[in-house]
2 protein chains.
Amino acid sequence: MAAATQLGYRPNQIARSLITRRSNIIGVAMPNTGNPFYRNALNALSVEFARIGYRILLFTSDPVAGSDPILAEVLRYQVDAVVLISTSLSSHFAEECMQIGVPVVLLNRRTDSAAVSSVTGDNTRGARAIAAFLLAGGHRRFAYVAGLETSSTNRDREAAFFAALAQAGVDGVERQSGHYTAEGAAQAARVLLARRSRPDAIFCANDDMAFAVMNVARAEYGLDIGKTLSIVGFDDTDLAAWPMLDLTSYAQPVQPMVAHVLESIVAQLEGGVQATHHVVRGELIVRRSARRPSSGVERLDDGREIWRASD
Amino acid sequence: MAAATQLGYRPNQIARSLITRRSNIIGVAMPNTGNPFYRNALNALSVEFARIGYRILLFTSDPVAGSDPILAEVLRYQVDAVVLISTSLSSHFAEECMQIGVPVVLLNRRTDSAAVSSVTGDNTRGARAIAAFLLAGGHRRFAYVAGLETSSTNRDREAAFFAALAQAGVDGVERQSGHYTAEGAAQAARVLLARRSRPDAIFCANDDMAFAVMNVARAEYGLDIGKTLSIVGFDDTDLAAWPMLDLTSYAQPVQPMVAHVLESIVAQLEGGVQATHHVVRGELIVRRSARRPSSGVERLDDGREIWRASD
DNA sequence: GTGAAAGCGCTAACAG
DNA sequence: CTGTTAGCGCTTTCAC
């Protein structure tokens with residue numbers, strides 16, 4: 001032992017994993033977007049997995065091109081499990097992993113196959129709450145800035161938003177796609193705001209796009225956000241709480257979501273093969289980027305305000 | 001071959017690396033901060049390394065506690081090289097890697113030992129440019145919001161800023177530490193702004209802290225940023241360009257920095273044992289968060305404006 | 001109890 | 001040029 005430490009001996013984890021068939025490595029794939037929601041999720045995954053003895057092998061993918069080619073690589077590394085964060089076009093790959101016995105969890109994404117576990121925010125409830133909130137705020141002309149058409153988060157948010165508005169008798173809702181990018185959302189905003197009858201309420205499928213729309217609305221059209229134009233986002237990124245931005249947004253709580261990912265993966269590793277589908281409920285955090293309804297807003301102990309009327 | 005594909009055979013990369021002594025894995029350690037500069041660097045590293053056939057094994061560390069304990073783990077995975085992004089207290093570890101022949105590059109951090117390669121922004125030139133810029137803008141009462149005392153980036157920026165001001169005959173410069181966190185910077189801002197003779201120019205050691213200071217200055221003290229109070233950051237994060245934030249900041253160009261990391265690592269892998277120390281020059285991007293000097297600002301082709309007078 | 005040996009999946013060297 | 005074999009560093013089993 002003395003000689004070992006003196007020579008700086010380090011057990012070769014790679015060789016060990018060859019025989020134990022446990023690499024203690026989790027493959028994580030995510031789009032290489034600037035989206036802070038992913039960054040937070042990755043951070044949280046990294047510290048939580050480290051806590052139980054796993055490292056993360058990172059695979060970033062082009063957000064639109066999808067990631068299957070790169071993902072094929074991941075299995076060669078004998079990862080103990082795979083976490084797919086919002087990656088599009090990967091449902092085939094996920095099922096492939098399941099088949100060969102590698103646990104998979106989809107984070108912030110569903111797939112049509114019920115066989116592969118997922119953890120998502122409550123996109124439907126969130127989009128519905130946003131519709132109700134904007135309606136209660138007395139808005140008349142609505143618009144939706146969509147994310148990637150291929151993503152389940154966007155589909156769910158869009159469907160619920162339009163359904164809730166339709167149910168309230170609102171039609172003629174504008175729609176532009178921002179493809180979950182800042183540039184795309186800025187373009188969408190220019191199209192929407194240049195119209196003669198411009199919308200007075202815009203729901204953006206995530207915070208990143210909401211900020212891009214705010215930038216354009218204020219800098220290029222001189223609109224007073226929260227007065228002339230209401231903007232609501234989705235994710236409740238750190239930035240949303242900044243006084244200078246102050247974005248009303250539906251909170252997707254990263255910590256609980258990541259906790260469920262861990263839970264699902266350890267369950268699968270221990271042999272519970274049952275796929276689970278966790279929908280983590282969030283809250284619509286009310287700030288100043290959107291006109292505030294006269295009632296239905298409730299103040300929490302931590303000072304944040306949430307929209308309660310739609311429960 | 002037909003049978004192989006039909007059975008879904010995948011070469012075991014782990015077993016292969018046992019004999020080839022190449023895992024094609026790069027260990028990357030970075031603090032689990034929300035700092036967008038790190039997120040961008042990680043993204044860029046991930047795609048660039050993927051391009052040349054390497055994956056990234058991620059190690060996140062508590063920004064203040066340091067990371068040596070976790071880092072000891074990284075070597076067990078037989079990584080082909082290690083990239084340390086801004087991790088404090090790791091110089092011992094870095095030298096250990098070098099000793100056992102694992103290439104190391106420090107990104108955004110120097111170490112006293114010249115033996116280990118590094119890629120950093122030009123902290124000295126940047127801080128000097130900021131001092132000159134603020135002096136040219138006619139400011140009188142300066143303050144510095146420091147990052148972590150243990151980080152070389154902070155030490156370099158601080159030393160150069162104070163030296164440049166001293167050289168111009170300015171003393172009594174205030175200093176508060178924000179520890180490279182938003183909360184710390186907000187606290188620092190409250191201390192600085194509550195003073196009777198509050199500063200009219202604050203240089204924050206990075207953008208994250210600059211935004212936190214802006215938030216406090218505007219929301220809690222009602223100051224008009226760019227008029228009553230000038231704020232300058234460092235990094236030129238994506239956010240800095242947002243019209244709503246519009247932060248004057250010294251740009252650390254992530255792409256070239258990452259390119260140098262790659263270059264240094266492949267050189268080391270190919271046997272060139274010479275340690276290199278790359279200092280990547282940036283520019284002070286002039287926006288509206290700080291009062292603009294009457295001369296010395298130059299407009300680039302892409303519409304951005306930079307400070308040239310101090311060259 | 002301690003010690004030797006087999007084998008994880010692959011590659012490289014060597015033999016036919 | 002194809003086929004066999006030794007061995008990478010570890011764990012586990014089995015013999016002593």
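Just so we're on the same page: letters track the sequence lines, and every chain starts at 1.
- B:I19 has its CD1 atom 17 Å from the P atom of D:dT5, to the nearest Å.
- Rounded to an integer number of Å, the gap from A:N12 CG to C:dC8 C1' is 13 Å.
- Between the CG atom in A:D80 and the CD atom in A:Q268 there is a gap of 12.0 Å [rounded to 0.5 Å].
- Within the 4.0 Å cut-off from OP1 or OP2 of D:dT11, not a single side-chain nitrogen or oxygen of A:R21 is found.
- Between the side chains of A:T111 and A:S113, no donor-acceptor pair is found at a separation under 3.5 Å.
- For A:Q78 and D:dC10, the CD to P distance is 18 Å, given to the nearest whole Å.
- Here the C1' atom of nucleotide C:dG9 and the CZ atom of B:R16 are 10 Å apart, to the nearest Å.
- In this entry the distance linking CG of A:N24 with C1' of D:dT11 reads 14 Å, nearest Å.
- Across the protein-nucleic acid pair, A:Y9 atom OH and D:dC10 atom P stand 3 Å apart, rounded to whole Å.
- In this structure, CD1 of B:I14 is placed 15 Å from C1' of C:dT11, rounded to the nearest angstrom.
- Geometrically, B:R157 engages B:F234 in a cation-pi contact defined by less than 6.0 Å to the ring centre and at most 45° from the axis.
- Residue contacts shown for A:R76 are absent, as no nucleic acid heavy atom lies under 4.0 Å away.
- Side-chain polar atoms of B:Y180 and B:S86 form no donor-acceptor pair below 3.5 angstrom.
- With D:dC10, C:dC10, C:dA12 as the candidates, the nucleotide lying closest to the side chain of B:T20 is C:dA12.
- Atom CZ in B:R22 sits about 20 Å away from atom C1' in C:dG9, given to the nearest Å.
- With distances taken from any side-chain atom of B:L18 to the nucleotides D:dC10, D:dC8, C:dC8, the minimum falls on D:dC8.
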